2 protein chains.
Amino acid sequence: MSRAKPARRSGCPISYTLDLLGDKWSLLVIRDLMFFGKRRYGEFLESAEGIATNILADRLERLEGAGLITRNEDSATGGKGEYALTAKGLDLLPVVLELILWGAHHDPKTGAPMEFVRRVKRDRDAVIKEIRARHENR
Amino acid sequence: MSRAKPARRSGCPISYTLDLLGDKWSLLVIRDLMFFGKRRYGEFLESAEGIATNILADRLERLEGAGLITRNEDSATGGKGEYALTAKGLDLLPVVLELILWGAHHDPKTGAPMEFVRRVKRDRDAVIKEIRARHENR
DNA sequence: CTGTATCCTTAGGGATACTG
DNA sequence: CAGTATCCCTAAGGATACAG
């Protein structure tokens, strides 16, 4: 299925970001890549939120189209895709960390891992550096 | 119209945030309050993205329900609403600033005000402090 | 000006079956 | 396992008219 790219709504950078990521699933795929080292289709499906297969396929395609992730066709494994963050995708790290801090702070029933949250709060830049390195060395 | 709150999908703080803000409009309303000092219905309608009246009404109601904004019925002006960010809403400031940095950096056609972007990049904490103060002193 | 309400269309998304 | 395809329903959203 080919999909026409939706038109940008304005020159605002927030609007730009929302045009790409303003839905309930895209950022969860990013999260799985970024923090949990997931790379394969089936791994994304396993996440707690329970994304549907068609939605996942759609989001992977979109994110690739937006230059946030890459898909490496692994011919050795018989045409299975391996997904990874691009530099542009990895640049979302500060955004996502702030989302985590906000969510963990304001959700009364949060299940966020508090040791990690505390570390981000204290050592934000170090955490960024560490996670970046982990992705760049693969 | 009453709307049933959609169920949370998981305990993940990112998922929590997306459950509240994962659409293409909510964060633009937050932006208008946060940076442009907008407070009234008609002011939100004027923004470049062109939100529809029914969508705006819906989002204002939702954001109020989520505790991100307040609506002050101004009886002096004949029942007009004045909207403002709550502390919880204002806490989104770091998130939104990172979104701006990312969007301004990666959108080839960005219309972001570059002086502001550069200032955020250099003096992030000072910008946060300044904008917080502006809202808390109203 | 600040909303509500209605109509209608499209996009999002859940469930599930199916293919290489 | 890694997707595609289909069915079907609901939510999101645009346009516009209307009310206090």
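Nothing here was measured: the structure is a model prediction, and the numbers come from that model. The sequence lines fix the lettering, A, B, ..., with proteins before strands; numbering per chain opens at 1.
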May I have the distance from [X] (atom [atom1]) to [N] (atom [atom2]), rounded to whole angstrom?
X	N	atom1	atom2	result
A/D58	C/dA11	CG	C1'	10 Å
A/E61	D/dA2	CD	P	17 Å
A/E43	D/dA2	CD	P	7 Å
A/Y41	D/dT4	OH	C1'	8 Å
A/L45	D/dA2	CG	C1'	9 Å
A/L56	D/dA5	CG	C1'	15 Å
B/D19	D/dA12	CG	P	12 Å
B/L18	C/dG12	CG	P	15 Å

- Task: Name all residues meeting the side-chain contact (heavy atoms from CB on, under 4.5 Å) criterion together with A/A84; count only those two or more places apart in sequence or in a different chain, and write none if there are none.
- Result: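 Expected list: A/R39, A/T70.
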
- Task: Indicate whether OP1 or OP2 belonging to D/dA2 is found under 4.0 Å from a side-chain N or O atom of A/R40.
- Result: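 So the side chain of A/R40 is within the cut-off, an N or O lying under 4.0 Å from OP1 or OP2 of D/dA2.
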
- Task: Establish, with yes or no, whether the OP1 or OP2 oxygen of D/dG3 is under 4.0 angstrom from a side-chain nitrogen or oxygen of A/Y83.
- Result: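 Yes, because at least one side-chain N or O of A/Y83 sits under 4.0 Å from OP1 or OP2 of D/dG3.
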
With [X], which residues qualify under salt bridge (Lys or Arg N to Asp or Glu O under 4.0 Å), at least two apart?
X	answer
A/R119	A/E130
B/E98	A/R124, B/R124
B/R40	none

- Query: Could you state the interatomic distance from CG (A/L85) to CZ (A/R132), rounded to the nearest 0.5 Å?
  - Reply: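 Here the interatomic distance stands at 10.0 Å.
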
- Message: Just verifying a value: how many Å separate B/L68 CG and B/L90 CG, rounded to the nearest 0.5 Å?
- Response: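 One gets 11.0 Å once the value is rounded to the nearest 0.5 Å.
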
- Message: Taking side chain to side chain donor-acceptor pair (under 3.5 Å) as the cut-off, I'd like each qualifying pair that reaches into residues 27-38 of chain A, sequence neighbours left out, listed once.
- Response: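 Qualifying pairs, neighbours excluded: A/R31-A/E49, A/D32-A/S47, A/K38-A/S47.
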
- Query: Within the structure shown, what part of the strands sits under 4.0 Å from B/F44 by heavy-atom distance: base, sugar-phosphate, or nothing?
  - Reply: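 No contact.
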
- Message: If the helix axis at each end comes from five base pairs, how far does the helix from C/dC1-D/dG20 to C/dG20-D/dC1 deviate from straight, to 10°?
- Response: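 End-to-end axis angle: 30°.
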
- Message: Per the salt bridge (charged side-chain N to carboxylate O under 4.0 Å, His left out) rule, what does the pair list look like for residues 102-118 of chain A, sequence neighbours excluded?
- Response: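 Listed by first then second residue: A/D107-B/R8.
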
- Pairs where residues 9-26 of chain A contributes a residue and the test salt bridge (charged side-chain N to carboxylate O under 4.0 Å, His left out) is met, not counting sequence neighbours: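 The answer is A/R9-A/D19, A/D23-A/R59.
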
- Go through residues 27-35 of chain A and report each residue with a non-hydrogen atom lying under 4.0 Å from DNA chain D, sorted by number.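 Residues of residues 27-35 of chain A that come under 4.0 Å of DNA chain D do not exist, since none gets that close.
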
- Note on the structure: The contact string for nucleotides 13-20 of chain C, one letter per nucleotide 5' to 3', using protein heavy atoms under 4.0 Å with B, S and - for base, sugar-phosphate only and none, comes out as BBBB----

- Query: Can you name the residues that form a side-chain hydrogen bond (donor to acceptor under 3.5 Å, both in side chains) with B/Y41, not counting sequence neighbours?
  - Reply: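 Here no residue qualifies.
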
- A/H135: what forms a side-chain hydrogen bond (donor to acceptor under 3.5 Å, both in side chains) with it, not counting sequence neighbours?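 Testing A/H135 for side-chain hydrogen bond (donor to acceptor under 3.5 Å, both in side chains), a comparison that skips the adjacent residues, returns none.
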
